[in-house]
Amino acid sequence: MLGQLGENAKFLAGGQSLIPLLKLRFANPEHLVDLNFIAGTSFIKQEAGALHFGAMSRHAEIEHSALARKISVLHDCAAGIADVQVRNRGTIGGSLAEADPSGDWASALITLDTAVHCLGRNGGRTIHLSDFIKDAYTTALAHDELVTEVEVKIPPKGSGGAYLAFKRSAPVYPSASVAVQLTMAGDVCQDAAIALGCVGLTAIRATNAETALRGQILNDKTISAAAEEARAAADPQPDMRGSAEYKRQLVVALLKRAIQIAVRRARGEQVEGAHLYA
Amino acid sequence: MVEEKEKKNGGRWVGASLPRKEEDRLLRGRGKFADDIKLREMTYLRFVRSSYAHARIISVDTSAAEALPGVVCTITGKEIAAQTHPFIEIAPDHIQKVRDYPMAVEKVRYQGEPVAAVVAESASLADDAAELVQVEYEPLEPAINAEEALLDKSILHEEAGTNRVWSGTWEFGDVEKAFRDAAYVVTIDHMHFHRFSSTPLENNVVIGQWEPKEDRIHYWCNNSFPSFAIQFLAAHLAVHFDRIRVQTADIGGSFGIKITSYPQMSVCALASKKAGGRPVKWVETRSEHMVSSAHGNERTFRDTRVALDKNGVITAIASRHIDDCGAYPRYEPLGCVIYSQVFCGTYRFKNARIEFTQTVTNKCPVGPNRGYSRMQHLWFLERVVDICAYEIGIPADEMRLRNYIRPEEFPYTTPNGCVYDSGNYPKMLEVAKKLIGWDDWKKKQAEARQQGRWIGIGIGTTLDSGTNNFGQSQIINPYAPFSGNSQGANCKLDVYGEVVVAVGSCPQGQGHETVSAQVVADVLNISPDLITVRTGFDTERNVHTGFSGTYASQFAVSGLSAVHGAAQKLKAEMKRLAAFVLQTTQDDLEFGVGEQGPEIKARSTGKSINYWSLANIVNVNSAVLSEELQDVTLNCRYIWRAPFKVPDREKKYGNLTLTYSSQLHIAVVEVDRDTFIPRILDYVAVDDCGVAINPAIVEGQVYGATAHGIGAALMETCAYDAVGNMLTSTFSDYTPITAMNIPKIKYGYISTPSPHTYSGAKGMGEGGAAPIHTISAALQDALFAEGVFINDSFNNGDSIFRSLQQREGGQLSNLVRMEKR
């Protein structure tokens, strides 16, 4: 349908990005194709060691899903997006397809083995999340293609994760966010995935910070070393959410905290990760 | 139905925490607001706004917009200038030459200034058409920073010849001698109070109709000071006062901002005239509100010197204050004198010299915002007190006790002649310290410091001066034709004996219907349920005076004094009438409620007459009235006038406000060592507004004012870049405080009744922005040991992080110096 309507048409999912753009007259499409109320697009299920989310699953549905709690990063992320109103409307598929540099989902999911299932006129395809997000507001989706499902592999036992963001107030985008997924063997970090949100054109994988943790006993020193690598990896723009230097500092503070939570979760502890507010 | 048992205050309704009469309507979404008003043939207006902070307008082409189907007309600044007079300026001399119109004519002077307007059949058509208006600009050098603007490198209003709006010096006592005799002299180079907005939930709304046949203008709007707006509009539009009718409905917050919507009111009327008399509705968007309503005054404090004796008692303060009023002075420069209502804050010092200068800049015009012009000054004084205390080594609480005006000194005359009616600041401190657990927190703070944590405990003492003496405007401009203050009210028995009260206020949730009914209920000894109160301004209701509206913490004083006066007048008439009907003396009469409703009874005979019968005699059975009762109308208008004199314009001396509520807040704040985010760990707000007419409403206002202040202190700032682009035009950028950011507030109160009001009540509501002073104090307490000087009223994780970074360069400590003699 979008193909027939041409370039001046847009999909409307939860509308939490598109509606504000329309309101501010930054976007002015002639047609909106409403994806709401299409049967079978909103679901959360576990299959073959992975969680599957229908593209139209609302953030709030994921926040309150017992299944989604199996992957801490998912629950942390869903529960912290904007405010209740936004979480009740916004969708995981819509958020990924929008690829806003400040969006929460991409930075959270990129630390996990995440596949995005897409559907277009020429049939379906599956794109790994790291190939899906191309640039700010740019994905691998063709104009008439949409996300149908997000598939996230459940991390192995002994792996723990956390997603933390700092927001100046509930409804706004974070100033910075950090996602961590650690695989631990005792005090030694066997594997680490670290992503930084809102501090670049896309979510940034802090690979040097990951390297700094891999094979190390996690203590104040090794955690600080990784946090400093993350500070260097961040490439933030100054704006009302913070100066560039401060956003880098937030990355350091959030990463330290997220690693500590992830380590405890890897040990099987129940830890509530809470987003930080002003 | 309200219960008799609520009458706790000596058997009176005044003092009872009654639920608001308005509650049902407002909380169930049944309020009627200006945007709810739909009129036949209504049209919708959208402004075209400047994208530049400072630019010459080369051309405005509205042809494409006019060609769009559904567009009724367009109107430009030039068209308006051709048919109106410039707005009155309150500032004297060169500012009288400023040609201030409701839309830009030759130049734009701030980003968001209206340049043209489009009127269409629907709001969305107006939006579409506004985008088709082509404006060509020639950019000019912007003046963004106040102190740079005063250098006049780029002048906003060429006709005035300078950016300086007004300057004056307040000097009292012997400042030089105090500095000669001082044991300590503390110097503070630079402090800054930031620009923010009180962001009411409902934006500005105007519906204007220029009724062609009658040649009169009818407004429905949410302006919060219509009497004032009409005075500005009448001269500007050259229309007689009584041909401008203003009606307001429920209003969703103003905090002073909606006082200054008269430029938009002008445009709606003129657009209506051009549209053949069709009503024109303008509903402001949030972004428009953020870029172009009325921000709060931004102020810089330079070269502050403080003299203290050996005990840390402040003997003199000298300072230069530079106020930034944005692009147009308009209601300003009243802020230049309003600050002096609280000239010495809560302190006893007698010698002071404040050199006050106001300038225009290429930013949104400022206007009254909750705490207007006094909060800036009170913040300044509280910073001075804390910094001096630290430099000399006196604890912050002890420092205040040594400097506070003492309870036995009230009524206290300040160095500039203001009379503080009552107060007890040491008592408030005691109550607040007890509520917060002062000693416990001091202990915890010391332990936390050992662990390297940054915890600060701060005190903020502040004043909420209410019921202005408008004569203070003559200190700014000796020709200003204003003085004193007045409010009107009407109290009547309707034809069927219903008690109906009308007041000249336009409340925004303050509960005027409830408190007015409480006052009248006590006068007539009936239940507030039996009293109907009509609020909301309506020129044709004829109860307003030139000062009517709802602003400046005064309704409990001016509004209720007028209501009380009108009720007394009605009662006197009812007595005369009842004595005649019941054939007895007035002394024999008793007011109360009988089997047939509210009535007046003769104690001697037991005979009574109810309100319906009384009203009936006057209105529809008047043949029975005796000759001497012919003047009775049972429809009584009363004008209350505040007992003010015109201040001494030269000496800047005189009583500027009638009542002084006081607030004392204590905050415990921790700054996170990693994120630098300040977090409030504990918070106490203690209030003294004399006799509270309705304590529940007072408490609610304290919470609201506290939330506003916390938001301003930690989250909210109106930011501009170097060329005058506004960076906070949406709530996503501005981040107004939400429930998520408000800590639990522990509320306490004391009551020192005002001797200046009939009821002992004082105006309250603005709250003196106590949290801004208090949070600055707590942050300063947390970071003194780190060598960080809190010299700005706005602090967040980012600014604290940067202050700590800069400190390593050794910059900040140079801004404060102490000299011991």
Side-chain angles (χ1 to χ4, degrees), chain A residues 16-17 20-26 28 80 82-86 100 102 164-178 220 223-224 227-228 230-231 236-260 274-278, chain B residues 46 124 126-131 199 285-288 290 669 671-680 707 710-711 713-721 725-743 775 794-806:
Chain A
Q16 297 311 294
S17 301
L21 290 177
L22 295 177
K23 190 193 82 172
L24 295 169
R25 302 177 79 86
F26 291 156
N28 212 352
D83 53 21
V84 175
Q85 290 88 333
V86 170
D100 189 305
S102 301
L164 283 182
F166 166 68
K167 301 194 292 179
R168 292 179 301 144
S169 76
V172 305
Y173 280 124
S175 302
S177 67
V178 161
D220 284 353
I223 292 173
S224 286
E228 287 308 321
R231 190 201 297 271
Q237 292 296 312
D239 57 21
M240 282 313 294
R241 287 183 263 163
S243 60
E245 298 72 32
Y246 181 60
K247 287 181 179 178
R248 284 202 173 91
Q249 177 61 32
L250 278 176
V251 163
V252 169
L254 292 169
L255 182 57
K256 285 182 183 172
R257 226 164 273 195
I259 289 173
Q260 277 153 5
H275 292 250
L276 308 181
Y277 291 97
Chain B
R46 181 59 59 212
S124 50
D127 288 348
D128 290 342
E131 289 192 340
T199 61
T285 67
R286 180 56 68 182
S287 294
E288 285 181 294
M290 295 310 293
V669 178
V671 177
D672 187 284
R673 292 287 305 239
D674 285 326
T675 62
F676 303 91
I677 298 165
R679 184 167 311 284
I680 296 171
I710 293 172
L714 297 172
M715 302 173 66
E716 304 178 29
T717 181
C718 293
Y720 285 87
D721 70 10
N725 292 309
M726 208 216 175
L727 305 175
T728 49
S729 63
T730 70
F731 268 2
S732 294
D733 294 314
Y734 183 75
T735 56
I737 191 163
T738 72
M740 300 288 281
N741 310 93
I742 302 171
I775 289 168
F794 179 70
N795 296 280
N796 62 10
D798 195 355
S799 67
I800 294 169
F801 170 71
R802 283 181 286 121
S803 294
L804 280 151
Q805 299 288 105
Q806 284 166 23

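First the proteins, then the strands, lettered A, B, ... as listed; each starts at 1.
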Does the side chain to side chain contact (heavy atoms under 4.5 Å, CB included) test come out yes or no for B:T717 and A:M240, once each step is laid out? CA-CA 10 Å; B:T717 181; A:M240 282 313 294; 4.0 Å; yes
Self-check item: Test side chain to side chain donor-acceptor pair (under 3.5 Å) applied to A:S169 and B:N741, step by step
Solution: CA-CA 7 Å; A:S169 76; B:N741 310 93; 5.1 Å; no
The interface call for B:S287 against chain A, heavy-atom contacts under 4.5 Å, is side chain
Separation between CD (B:Q805) and CD (A:Q249), nearest 0.5 Å, reads 7.0 Å
If we ignore hydrogens and angles and just use 3.5 Å, is the side chain of A:R168 paired with the main-chain N or O of B:S732 as donor and acceptor?
yes
Give a yes or no answer on whether the side chain of B:R802 reaches the backbone of A:Y246 with a donor-acceptor pair at less than 3.5 Å.
no
If one checks every heavy atom of A:R241 against chain B at 4.5 Å, the contacting part turns out to be neither
query = Passes side chain to side chain contact (heavy atoms under 4.5 Å, CB included), A:R25 versus B:D128? Steps please.
reply = CA-CA 9 Å; A:R25 302 177 79 86; B:D128 290 342; 2.4 Å; yes
Turns out that what part of A:L254 lies under 4.5 Å from chain B's heavy atoms comes down to neither
Bottom line for B:N796: the part with an atom under 4.5 Å from chain A's heavy atoms is neither
The interface call for B:T738 against chain A, heavy-atom contacts under 4.5 Å, is side chain
Answer key: most heavy-atom pairs under 4.5 Å with chain A among B:D721, B:I737, B:D672, B:I680 is B:D672
Max heavy-atom pairs within cutoff under 4.5 Å with chain B, candidates A:S243, A:A227, A:G242, A:A170, goes to A:S243
*Are the side chains of A:F166 and B:I677 in touch, meaning some heavy atoms are under 4.5 Å apart?*
yes
To the nearest 0.5 Å, atom CG of A:L276 lies from atom CG of B:D674 at 10.5 Å
Practice problem: With the side chain counted from C-beta on, respond yes when B:M740 and A:D83 share a heavy-atom pair under 4.5 Å apart, and no when they do not. | Solution: no
Okay, A:K256 and chain B: the region with an atom under 4.5 Å from a heavy atom over there is side chain
Bottom line for B:D127: the part with an atom under 4.5 Å from chain A's heavy atoms is both
